[in-house]
Each structure stands twice: as structure tokens, then as C-alpha cells.
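Labels below follow one simple rule: chain letters A, B, ... track the order of the sequence lines, proteins then strands, and each chain is numbered from 1. Keep in mind that what you see is a predicted model, and the values were worked out from it rather than measured.
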Protein chains: 2
Amino acid sequence: MATMHDVARLAQVSVSTVSYVLTGTRPISQATRDKVHAAMAELDYQPNAMARGLASRRSRIVGLLMPMDERGLGATETAFVTGAAAAASTAGYHLVLAPVGTTDLDDLRRLASQRMLDGAVLMEVQVEDGRVAVLQEAGVPLVLIGRTSDTAALSYVDIDFDQTVREAVDHLVGLGHTRIAYVNHSEAAIAAGYGPAVRTRDAFVARMAAHGLEPLMIAAEDSAAAGREALDAALAQAPDLTALLAMNENAVFGILGELAARGRTVPGDVSVVSMVTSPQVAELAHPALTAMTSPGSALGRIAVEALLRQLDGVTGDHHQQLLPCALEIRGSTGPPGR
Amino acid sequence: MATMHDVARLAQVSVSTVSYVLTGTRPISQATRDKVHAAMAELDYQPNAMARGLASRRSRIVGLLMPMDERGLGATETAFVTGAAAAASTAGYHLVLAPVGTTDLDDLRRLASQRMLDGAVLMEVQVEDGRVAVLQEAGVPLVLIGRTSDTAALSYVDIDFDQTVREAVDHLVGLGHTRIAYVNHSEAAIAAGYGPAVRTRDAFVARMAAHGLEPLMIAAEDSAAAGREALDAALAQAPDLTALLAMNENAVFGILGELAARGRTVPGDVSVVSMVTSPQVAELAHPALTAMTSPGSALGRIAVEALLRQLDGVTGDHHQQLLPCALEIRGSTGPPGR
DNA sequence: ATGAAAGCGCTAACAT
DNA sequence: ATGTTAGCGCTTTCAT
């Protein structure tokens with residue numbers, strides 16, 4: 001493997017000249033630049049990432065921190081990951097996937113102190129998230145996908161849950177529904193301060209109140225079976241409900257199954273809106289689900305781009321952005337029956 | 001940030017002693033070991049990953065190479081990724097997610113020459129996959145998830161498609177079905193030499209022949225809509241079919257929808273087996289799908305573990321392993337109707 | 001516009 | 001069992 005010395009010798013210049021040609025941090029005459037490039041090509045030269053990282057104190061590696069609990073990633077989270085990977089790659093950065101839980105703070109401290117990461121993107125951020133402080137103390141720039149309660153000095157990208165819930169509720173109310181139940185994530189997720197669960201809950205209550213309607217709410221684990229139980233509970237609580245808003249990609253399929261089992265048609269008897277859902281998943285249901293389509297890979301991409309800007313940039317200010325989910329009307333919603 | 005020199009000074013030993021305590025590559029007396037550890041703790045010392053990587057020529061980073069075409073990752077591939085990430089993390093390695101397509105051979109060459117990766121795991125391997133030669137030329141150890149046609153000197157982990165198809169066919173034949181159609185991935189995927197598509201096709205033909213049955217085969221893009229068309233095509237080709245084997249997680253939902261739309265019940269009129277599917281996805285359907293459950297995260301984990309063994313190990317031999325999918329009978333299969 | 005040389009923080013001979 | 005030291009391959013002052 002050729003080194004910078006080899007290139008310098010072949011091009012008859014000094015190593016520093018080669019380095020400056022590479023980094024572009026000082027003017028080089030066209031003539032020498034050409035010589036150097038020719039030598040590089042001739043030798044198939046590629047800079048050694050470790051050496052470069054050590055000398056420059058920049059690894060060109062960013063971390064994607066994702067808690068690896070429970071049943072793995074859903075389609076939405078997977079899109080974050082692929083979006084982030086693509087963005088990093090495009091910018092000439094590397095993306096390391098670090099499975100650090102919200103509680104593995106010591107692991108994270110260790111990782112952050114290794115000086116391997118130029119920065120980090122945090123997924124599955126909780127309202128109170130210890131990882132933020134750990135990274136800040138270690139001096140690792142970070143961008144959140146999601147938000148903590150205090151976002152003052154932080155960069156984040158998140159879904160605009162307020163607007164998403166508002167649009168979903170308004171869609172149903174506009175169709176004439178008044179008895180609407182909201183199927184959230186599990187009680188445990190809500191208690192843990194999982195942002196999407198907490199924020200959509202509050203937004204639902206607020207929007208229903210704005211319409212003068214009573215907010216019915218059910219929590220459900222992320223599974224089809226839990227969805228069936230959730231429907232049971234919802235129907236017990238409000239036998240006359242005509243619409244469901246589901247925050248829970250997995251539960252919603254159980255809900256559809258249970259509705260069919262009980263002989264209730266969709267959307268004839270009950271309308272269903274699935275929140276923060278990917279089009280692919282929405283198409284899997286029958287009828288295809290009216291859904292609030294999540295920004296998907298865009299969130300991951302934007303988070304990485306913001307992080308990289310923060311790394312290069314002199315800009316001290318923070319990137320704070322909310323992206324709405326887009327209402328896509330498919331076959332699972334309609335006016336309330338008879 | 002404390003360096004090894006700081007630790008050495010505080011512990012009153014030489015830097016090399018600190019280094020050897022860390023790497024354990026030569027005997028150190030208990031007394032000095034304790035002194036060093038105390039100093040490390042006192043200073044919150046963490047070795048600098050770049051410096052270590054440069055000096056040792058080992059980055060402790062492995063790459064996960066995944067083509068980022070089309071519609072992103074399915075549940076099965078996502079499980080590979082999380083399994084690989086967990087295994088790497090457990091072993092004290094880092095996992096970088098590198099979105100390099102099967103055609104981005106120059107990008108890959110660049111990546112491999114940067115000496116950033118100690119090794120690589122290749123996902124979505126095609127029967128003829130140029131990435132293998134590129135990595136071998138660059139001297140990067142690799143393990144495949146999937147197989148090329150010539151596996152002589154390669155390590156791989158793959159699904160045992162032969163056995164998986166055999167079990168699925170036998171399950172249906174055992175129930176009494178004789179008119180069975182196989183819904184594969186797209187023609188394009190087959191033509192490109194996508195292993196799962198090619199191998200299951202061959203296995204299906206072989207197993208049907210073993211039963212003295214005629215193999216009906218349909219190709220479909222990975223979408224619900226394509227699944228509906230596939231069912232059209234299958235029914236046109238064999239109006240009397242009573243069972244479907246689907247290799248295509250997305251298409252199978254379209255198939256179920258179209259069956260329902262045509263008033264054909266599952267499994268009363270038509271039995272459906274979904275191949276290489278995760279339990280979560282199988283549970284989403286109604287009725288829940290009888291499926292060949294993919295090994296999921298185990299594949300990713302095993303691949304990384306084999307790679308790491310290859311890195312440390314003196315063992316020159318290769319890890320070659322096939323994992324079967326497990327038949328999980330749910331509600332979508334039964335004896336053929338009337 | 002270019003060169004010389006001092007690190008970056010470690011590992012791994014080569015010492016004893 | 002421990003210490004000394006020469007690199008690893010770059011970046012970046014400090015020169016000119």
C-alpha cells in the first residue's frame with residue numbers, strides 16, 4: 001500500500017505538499033498539483049484513515065446511537081438508519097451503528113472518550129435522556145432525532161406530532177366522526193417518556209378538546225395481539241366509536257384483524273388512520289391504510305447533514321426542525337356508517 | 001483528555017507497561033498492574049482509538065456492506081443489521097454501515113484501501129458479486145451473508161433455501177395440495193443473480209419434481225400491488241391452484257388482499273405459505289401467515305462472529321454455514337377445499 | 001508557493 | 001518483569 005511518502009517521492013515534492021494538495025488548505029500551483037495527482041493515480045494512493053484521524057483529530061466517523069431493546073427496528077426507524085447512512089456516505093463520512101441503550105451510560109461514556117466519533121446522531125430520544133449529558137461532557141457534537149424536554153442548546157430533527165395529530169383528527173372530524181379513540185404505544189413507553197407517545201397523547205387531547213370532543217385513549221404494546229386487546233378495551237369503553245387513530249404500526253394490524261373478526265367493516269363501520277407509517281406498510285393492509293406518512297429516510301438524512309454542518313461549520317447556532325407527516329388517504333377512512 | 005503518558009507518569013511506570021497492561025500481550029506483575037489500573041481510573045483514561053489503530057494496524061472496525069437500492073430494507077435484512085451491530089459491539093468492535101452497491105466497485109475499492117476496516121460483512125450477495133474480488137485484492141477479510149456461485153475459499157452464512165423450500169412444499173403436499181404456485185421475487189432480481197430468488201426457484205422445481213408435481217412459477221416485484229398482479233397471473237395459468245408459496249414478504253399481502261377481493265378464503269380455498277419471513281410480519285396478516293421464519297438477527301450475529309474469529313484467529317479455514325428457516329404453522333394453511 | 005520537521009497517542013520490537 | 005525507543009502515516013506549525 002502506497003503512502004504519502006511514496007507519492008511525494010514520485011512527484012518530486014515534499015510530503016507536506018502532497019498533504020496540502022489533498023486537504024486543499026493552502027494554495028498549490030497548478031503544475032505541482034498535476035504532478036501530485038499523477039503520482040497518486042500511478043500508485044493507486046489512498047490516504048490512511050487512521051493516520052489522518054490521529055494527526056487531524058478528526059476521524060470522519062459519526063455515530064448513530066440506537067437503543068437496541070425489544071423487537072428491533074420498525075420500518076420507520078429503519079428508514080432513519082438508511083437515510084443517515086446514505087447522507088454520511090455522500091459526504092465522505094463513515095457511519096458507525098452503535099447499539100447503546102438509554103441506560104448504558106457507561107458504555108456510551110467509554111465510546112465517546114475513545115475519540116473515534118466526530119459527532120453523534122441519537123435515535124429514540126426520550127423526554128429525559130441521559131445520553132445527551134454524557135455526550136456533551138465528552139465534547140461530542142450531537143443531533144437528536146426526537147427531542148428532550150429542554151431543547152435550548154440542542155440540535156434536533158423530529159416529527160411534528162402536533163400538526164400530524166391535528167391533521168389526522170381533522171380528517172376524521174371532517175368526515176363526520178365524533179367518537180374517536182386513540183391507540184398509543186404501551187403504558188411503559190409513555191411512562192419512560194418516549195417522545196412520540198407522550199407528544200401525540202397530549203396533541204390528541206388538545207385537538208379533540210378544540211373540537212369539543214371527548215378524547216378516548218388506549219395504550220397497546222407493539223404487536224398485533226396487543227392491537228386486538230386494545231380494540232376490545234376501546235369498544236368496552238366506547239361501544240359507539242366510529243374511528244380509530246393508531247400510533248402503533250404493529251397494533252394496527254391486530255385492530256384490523258379483530259374488527260374483521262367482529263364483523264365490523266373498514267371503513268363502513270369503523271375508520272382507521274395509522275400515524276407515522278411508511279407507505280409500504282400502509283399498502284400491506286386490506287383495505288390499504290389511510291395514514292400519516294412519516295418523513296422516513298429524510299429525517300435520518302437531515303440529522304446527519306445538520307451534524308456535519310456543525311462539525312465543519314463555524315455556526316454556533318443549532319438546527320431545530322420539525323417535519324410533518326403527510327396525510328395520505330387510502331381505503332381505511334370514510335364517513336361514519338348509517 | 002488523559003493520554004497514556006499521563007497514566008504512565010502517575011503510576012510511575014513506562015508507557016509501554018501501560019500499553020501492555022491494556023493489551024495483555026506480555027506478563028505484568030500484579031502490583032504494577034494494580035498501580036496502572038488505579039492511575040487509569042483516577043484519570044478516567046480511555047485509549048485513543050485512532051492512535052491505537054494507526055500503531056497496531058487494526059482499527060477494530062468492521063464494515064457492513066449493503067446495497068441501498070430500491071425501497072430500503074425489509075424486516076429480514078433489518079434483523080441482519082441489528083444482529084451484526086450487537087455482535088460487533090459485544091466483541092468491542094465497531095460496525096460501520098457502508099451503503100455500497102454491487103456496482104459501486106470503485107467506491108468500494110476506495111473504502112477498502114483506506115485501511116479503516118479490519119474486515120467486512122457483505123449483505124445481499126449476488127451469485128456473481130464483484131465486491132468479493134475487490135475486497136480480496138485489497139486484502140480485506142470478508143464474510144458473506146449469502147453465497148456466490150464459487151464459495152471455495154470464502155466464508156459465508158446463508159439461509160438453507162433447499163431445506164426451507166423442501167419443508168414448505170412438503171407441508172403443503174402433506175395437507176393434500178398438488179396445484180402449488182411459487183411467487184418469487186422479480187424477473188430482474190432473478191436475472192441479476194439474486195441468490196434467494198435463484199436458489200428457491202431451483203429448489204422449488206426440484207422438490208415439486210420429487211413429488212411428481214408440476215411447478216408453477218410467477219415473478220413479482222416487491223410490493224402489494226405486484227402481489228395482486230401475481231395472483232392474477234397465477235390464476236390465469238392455473239385456475240385450479242389451491243396453494244401458494246411466496247418468497248416475497250411484500251407481495252404476499254397483495255396476494256391476500258386480492259384473494260379476499262375475489263371471494264376466495266384463506267385457507268379454505270387457497271393456502272398460503274410465506275417464505276423467509278419474520279414472525280412480526282407473519283402476525284400482521286389476517287389470518288396470520290404460516291411461514292418459514294427466517295433466522296433473522298442470528299445470521300448477522302454469526303457472520304460478524306465468524307469474521308472476528310478470522311481476524312484474531314490463526315485458523316485459515318473458512319466458516320461455511322447454512323441456517324434453515326423454521327416452519328411455523330399459523331392460520332393461512334390447511335387442507336385443500338372441497 | 002513550497003519544504004523541513006515536530007508531533008498526534010499509541011504499539012511493538014529491542015533492550016536489560 | 002519492566003524500560004527505551006523507533007516507528008505507524010498523516011497534519012500542521014514554522015521556516016523560507
Side-chain angles (χ1 to χ4, degrees), chain A residues 1-37 39-40 43-61 92 94 110 113-118 139 311-312, chain B residues 1-37 39-40 43-61 92 110 112-118 139 311-312:
Chain A
M1 198 110 309
T3 75
M4 196 173 259
H5 273 92
D6 302 330
V7 175
R9 191 172 337 113
L10 182 58
Q12 318 221 56
V13 298
S14 73
V15 273
S16 58
T17 298
V18 178
S19 175
Y20 286 117
V21 166
L22 224 45
T23 60
T25 49
R26 92 176 176 191
I28 301 281
S29 77
Q30 190 57 51
T32 50
R33 192 199 309 284
D34 290 345
K35 275 198 305 189
V36 170
H37 277 133
M40 284 182 180
L43 295 174
D44 251 337
Y45 172 73
Q46 279 300 124
N48 179 304
M50 294 292 128
R52 179 185 273 235
L54 176 59
S56 66
R57 280 163 282 277
R58 309 274 258 94
S59 63
R60 302 198 130 257
I61 297 175
H94 302 277
R110 214 162 298 135
S113 308
Q114 284 187 147
R115 315 271 71 180
M116 161 154 289
L117 305 182
D118 286 349
L311 295 184
D312 309 332
Chain B
M1 199 110 307
T3 77
M4 195 173 261
H5 272 91
D6 301 330
V7 175
R9 190 171 341 111
L10 182 58
Q12 318 220 55
V13 297
S14 73
V15 273
S16 60
T17 298
V18 177
S19 174
Y20 286 117
V21 166
L22 224 44
T23 60
T25 49
R26 92 176 176 191
I28 302 281
S29 77
Q30 191 56 50
T32 50
R33 192 199 309 283
D34 290 345
K35 275 196 304 189
V36 170
H37 277 132
M40 285 182 180
L43 297 173
D44 251 335
Y45 172 72
Q46 280 300 124
N48 179 305
M50 294 292 127
R52 182 188 273 237
L54 176 58
S56 66
R57 282 165 223 77
R58 307 276 255 92
S59 63
R60 302 198 130 257
I61 297 176
R110 215 161 299 134
S113 308
Q114 284 188 142
R115 315 270 69 179
M116 162 154 288
L117 304 182
D118 286 349
L311 295 184
D312 309 330

(request) Nearest whole angstrom, please: distance from the P of dC8(D) to the NE2 of H5(A). (result) 9 Å
(message) So, does S56(B) get its side chain near the phosphate of dT11(C), meaning an N or O under 4.0 Å from OP1 or OP2?
(response) no
(message) Nearest whole Å is fine: how far is dG9(D) P from R115(B) CZ?
(response) 10 Å
(request) Assess whether one donor atom and one acceptor atom, taken from the side chain of R57(A) and the base of dG7(C), lie less than 3.5 Å apart. (result) no
(request) Just call it for S16(A): base, sugar-phosphate, or nothing, with non-hydrogen atoms closer than 4.0 Å on any strand. (result) base
(request) Would you mind classifying the nucleic acid contact of L54(B) as base, sugar-phosphate or nothing, using non-hydrogen atoms under 4.0 angstrom? (result) base
(request) To the nearest Å, give me how far apart CE (M4(B)) and P (dT11(C)) are. (result) 4 Å
(request) Would you mind telling me which residue lines up with the more 5' stretch of DNA chain D, Q12(B) or A55(A), judged by nearest nucleotide? (result) Q12(B)
(message) Looking at dG3(D), I'd like to know if its phosphate oxygens (OP1 or OP2) sit under 4.0 Å from a side-chain N or O belonging to T17(B).
(response) yes
(request) For T23(B), report the nucleic acid contact type (base, sugar-phosphate, nothing); a contact means any heavy atom under 4.0 Å. (result) sugar-phosphate
(request) Could you pick out which residue, G53(B) or S14(A), lies toward the 5' side of DNA chain C when each is mapped onto its nearest nucleotide? (result) S14(A)
(message) Counting distance alone, no hydrogens or angles: does the base of dA1(C) have a donor or acceptor under 3.5 Å from a partner atom on the side chain of Y20(A)?
(response) no
(request) Starting at CE of M40(B), measure out to CG of L10(B) and round the result to the nearest 0.5 Å. (result) 11.0 Å
(request) Using a 4.0 Å heavy-atom cut-off across all strands, classify S19(A) as base, sugar-phosphate, or nothing. (result) base
(request) Find the distance R60(B):CZ to dC8(D):P and express it as a whole number of Å. (result) 22 Å
